> 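Below you will find the structure I want to go over with you.
Nothing fancy with the numbering, it's 1 onward along the sequence. Numbering of ligands and ligand atoms starts at 1, following listing order. Please read all numbers here as calculations on a predicted model, not as lab measurements.
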Amino acid sequence: MSPTAESEIVFRGSCYCSAISYVVKGKPILSAYCHCTLCQRLAASPCVATVHFPAAAFNWTHSEPHEDAFDMYPVANKPWKNRFRCKSCGACVASFSTTKFKYSVWAGQLERNEEGQIKNWDLIKPTAHMFYGTRMLDFNDDLPKWEGYEGQSKRLG
Ligand SMILES: [Zn+2]
Ligand SMILES: [Zn+2]
């Protein structure tokens with residue numbers, strides 16, 4: 001088998017019950033641990049590993065029609081951003097920005113190998129912490145920490 005080019009590597013993801021699934025391909029635009037209060041409320045978690053891809057890199061892989069599988073709703077205070085939520089298990093799987101024309105997915109929902117590790121993790125693992133100002137947990141890693149968006153806010157560490 002010939003090695004797959006990085007731009008051709010696919011990452012498969014799904015909701016909690018697997019009724020919704022998607023594939024993203026290639027190199028992400030951004031990969032970071034997000035500590036914003038929206039992510040905290042949505043995921044009920046101190047932070048999420050969010051990975052952004054251009055719209056063309058994202059495709060749903062469950063059977064259509066999509067309206068049977070998920071609800072789409074605008075994000076609170078961000079009407080340009082739509083979120084997709086599984087109708088069966090209620091898990092949110094992705095969001096789509098109609099202004100930046102990109103999808104965000106959560107790394108925690110991506111396919112694992114036999115050891116439970118996310119496949120090809122080195123290619124998409126987070127390279128920063130963003131919205132670190134509202135963190136619930138300190139991270140003692142070497143990744144840059146930003147008050148808001150990576151590269152567009154004050155660096156906190
Ligand atoms: Zn589901
Ligand atoms: Zn966030």
Side-chain angles (χ1 to χ4, degrees), residues 10-24 27-55 57-113 116 118-119 121 123-157:
V10 299
F11 300 91
R12 296 182 181 281
S14 62
C15 65
Y16 184 58
C17 78
S18 299
I20 296 183
S21 59
Y22 59 84
V23 64
V24 279
K27 217 175 142 51
I29 304 168
L30 172 152
S31 179
Y33 292 107
C34 187
H35 300 259
C36 85
T37 56
L38 266 183
C39 285
Q40 288 170 348
R41 288 216 308 280
L42 187 64
S45 168
C47 66
V48 296
T50 184
V51 196
H52 297 184
F53 288 88
F58 180 97
N59 276 297
W60 297 111
T61 50
H62 56 262
S63 56
E64 294 192 43
H66 293 316
E67 307 82 72
D68 288 356
F70 58 63
D71 290 314
M72 188 178 84
Y73 66 98
V75 174
N77 304 322
K78 291 184 180 178
W80 61 90
K81 213 172 163 187
N82 287 315
R83 228 174 219 301
F84 302 93
R85 177 177 49 210
C86 175
K87 279 189 172 176
S88 305
C89 72
C92 289
V93 282
S95 68
F96 177 66
S97 166
T98 56
T99 51
K100 294 176 184 162
F101 212 57
K102 67 179 185 186
Y103 279 87
S104 314
V105 301
W106 284 337
Q109 296 176 331
L110 296 176
E111 192 181 14
R112 312 294 173 122
N113 63 21
I118 291 167
K119 291 183 177 178
W121 181 234
L123 300 176
I124 52 153
K125 66 185 178 189
T127 56
H129 290 271
M130 59 183 192
F131 293 93
Y132 200 62
T134 50
R135 69 190 176 280
M136 295 169 62
L137 189 64
D138 289 328
F139 282 76
N140 295 313
D141 57 25
D142 294 332
L143 299 178
K145 296 165 180 77
W146 302 89
E147 191 165 50
Y149 279 111
E150 183 182 12
Q152 300 170 35
S153 61
K154 195 174 146 204
R155 197 166 156 177
L156 301 175

> Under 4.5 Å between any side-chain heavy atoms of Lys125 and Ile118, yes or no?
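No, their side chains stay 4.5 Å or more apart.
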> Which residue is it: Leu137, Thr50, Leu143, Thr127? I am looking for the one with a side-chain contact (heavy atoms from CB on, under 4.5 Å) to Tyr33.
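So the option named by the test is Leu143.
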> Give every protein N, O or S atom lying under 2.8 Å from the Zn ion (ligand 1), naming each by residue and atom.
Cys15 SG, Cys17 SG, Cys86 SG, Cys89 SG
> Taking atom types as modelled, is there a side-chain donor on Thr61 or Ser21 under 3.5 Å from an acceptor on the other?
yes
> What residues form a salt bridge (charged side-chain N to carboxylate O under 4.0 Å, His left out) with Lys100, not counting sequence neighbours?
none
> Please confirm whether Phe70 and Phe84 have ring centers closer than 6.0 angstrom.
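Yes - the distance between ring centres of Phe70 and Phe84 falls below the 6.0 Å cut-off.
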> Hey, which protein N/O/S atoms does the Zn ion (ligand 2) have under 2.8 Å?
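As for protein N, O or S atoms lying under 2.8 Å from the Zn ion (ligand 2), they are Cys34 SG, Cys36 SG, Cys39 SG.
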> Just say parallel, tilted or perpendicular for the rings of Phe58 and Tyr22, cut-offs at 30° and 60°.
parallel
> Please say whether more than 12 non-hydrogen atoms of neighbouring residues, nucleotides or ligands are located less than 6.0 Å from CZ in Arg155.
yes
> Apply ring pair (Phe, Tyr, Trp, His ring centres under 6.0 Å) to Tyr73 and list each qualifying residue two or more places apart in sequence or on a separate chain.
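Ring pair (Phe, Tyr, Trp, His ring centres under 6.0 Å) check on Tyr73 returns nothing, list empty.
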> Check for a donor-acceptor pair, side chain of Gln40 on one end and backbone N or O of Pro46 on the other, with a separation under 3.5 Å.
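Such a contact is found between Gln40 side chain and Pro46 backbone.
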